[in-house]
Protein chains: 2
Amino acid sequence: MDEKDLKIIEILMKDGRKSYTDIARELGTSESSIRKRVKKLEEEGVIKGYTAIIDPSKIGYNVVALTGFDTEPDKFLSVAHELCKFEEVKKVFTSTGDHMIMAEIWAKNGKEFSDLIFNKIGKIDGIKKICPAIILEQIK
Amino acid sequence: MDEKDLKIIEILMKDGRKSYTDIARELGTSESSIRKRVKKLEEEGVIKGYTAIIDPSKIGYNVVALTGFDTEPDKFLSVAHELCKFEEVKKVFTSTGDHMIMAEIWAKNGKEFSDLIFNKIGKIDGIKKICPAIILEQIK
DNA sequence: TTTGAAAATTGGCCTAA
DNA sequence: TTAGGCCAATTTTCAAA
């Protein structure tokens, strides 16, 4: 892990589909050098994967919410695990602060979101409180 | 925007570097069809870009925090805008719920994080309250 | 790092709906 | 007119030396 690896990571965070050849040109080195470094970074788990950044509203998901969950202490991990099973739950974090678990949840509209929160996710055993913060706009 | 577009999006969210040829094979169609659909999705802003998913701790960022900001109502937008200028601030959202602004902030350690919060970001005009929730683990 | 073969990308052109 | 298919030139990927 050196300066060049960090540069590669920076470039791939900006454009995850940039070709090794392009990165090599940008950093003034060879394509195979870049490819081997990227492969190593992937194997080491530094690069965990690649993803397309989607505008949820453009595919019909008009409600995206950062949702905090408070749980009974001993049910904490099982709640987190259950949350992951929902297709609408895109990300799950454990955290300090106001809530033990934070999740990013996508829903088509307010009705579907409340149905999801009250009738499905809310039914998970061990959840004490749900605190949704609906994202209005992603600025950065 | 049809079923096939949604499938393409799903595939590219799982692996943002998958080749058009591979996607075509998976969906039983031709490479050029995929290519033209992806290009259109990009032009329409459905696909906003691609990114490598990095494990922050593996590149020395041991503190990642979802941080809520309360602002004076009229300074709301300028605060959001100022936040975006910090390299350590990776994402900025406006939201309903407890806080008007939510940001994902990366720091190398607790010391750097508190320095950032108290001495730099905290100095932005219009901020009334900062509520950091440090992410312990990303499960999904 | 270099090299060469295999694979993917790209642009143009054609057909069909 | 638009989406899909086909082909040929170029570029990229990938493994072996």
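Here is how names work: the chains are called A, B, and so on, in the same order as the sequence lines, proteins then strands, and each is numbered from 1.
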Query raised in the report: Taking the six-membered ring of B/Tyr20, is NZ or CZ of B/Arg35 closer than 6.0 Å to its centre and within 45° of its axis?
Result: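 Here B/Arg35 fails the 6.0 Å and 45° test against B/Tyr20.
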Requested in this report: State whether the distance check finds a donor on one side and an acceptor on the other, under 3.5 Å, for side chain B/Ser32 versus base D/dG4.
Outcome: no
Please state how far atom [atom1] in [X] lies from atom [atom2] in [N], giving the value in whole angstrom units.
X       : N      : atom1 : atom2 : result
B/Lys18 : D/dT13 : NZ    : P     : 17 Å
B/Ile8  : D/dG4  : CD1   : P     : 8 Å
B/Arg35 : C/dG12 : CZ    : P     : 11 Å
B/Leu27 : D/dA3  : CG    : P     : 17 Å
B/Asp22 : D/dT12 : CG    : P     : 18 Å
B/Asp5  : D/dT2  : CG    : C1'   : 13 Å
A/Arg25 : D/dT13 : CZ    : C1'   : 13 Å
B/Ile23 : C/dT9  : CD1   : C1'   : 13 Å

Query raised in the report: Just how far is it from atom NZ of A/Lys58 to atom CE of B/Met1, taken to the nearest 0.5 Å?
Result: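 Nearest 0.5 Å value for the NZ-CE distance: 9.5 Å.
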Query raised in the report: Toward the 5' end of DNA chain D, which comes first, B/Glu31 or A/Tyr20, by nearest nucleotide?
Result: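 The answer here is B/Glu31.
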Report summary line: Note: for A/Ser19 and A/Lys36 on DNA chain D, the residue whose nearest nucleotide lies more 5' is A/Ser19
Return all side-chain donor-acceptor pairs below 3.5 angstrom for residues 63-76 of chain A, not counting sequence neighbours, or 'none' if the list is empty.
residue : atom : partner  : partner atom : Å
A/Asp70 : OD1  : A/His99  : ND1          : 3.1
A/Lys75 : NZ   : A/Asp125 : OD2          : 3.1

Lys/Arg-Asp/Glu bridge criterion (N-O < 4.0 Å) met for [X], [Y]:
X       : Y       : result
B/Arg37 : B/Asp5  : yes
B/Glu82 : B/Lys85 : yes
B/Glu26 : B/Lys18 : yes

Query raised in the report: What are the residues of residues 40-54 of chain A, sorted by number, that bring a heavy atom to within less than 4.0 Å of DNA chain C?
Result: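 None, since no heavy atom is under 4.0 Å.
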Report task. Check whether any side-chain N or O of A/Ser30 sits under 4.0 Å from OP1 or OP2 of C/dT2, and answer yes or no. Result -> no
**Report entry** Nearest heavy atoms of B/Ser114 and B/Lys111, plus distance in Å
**Finding:**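 The pair with the smallest heavy-atom distance is OG-O, 3.0 Å.
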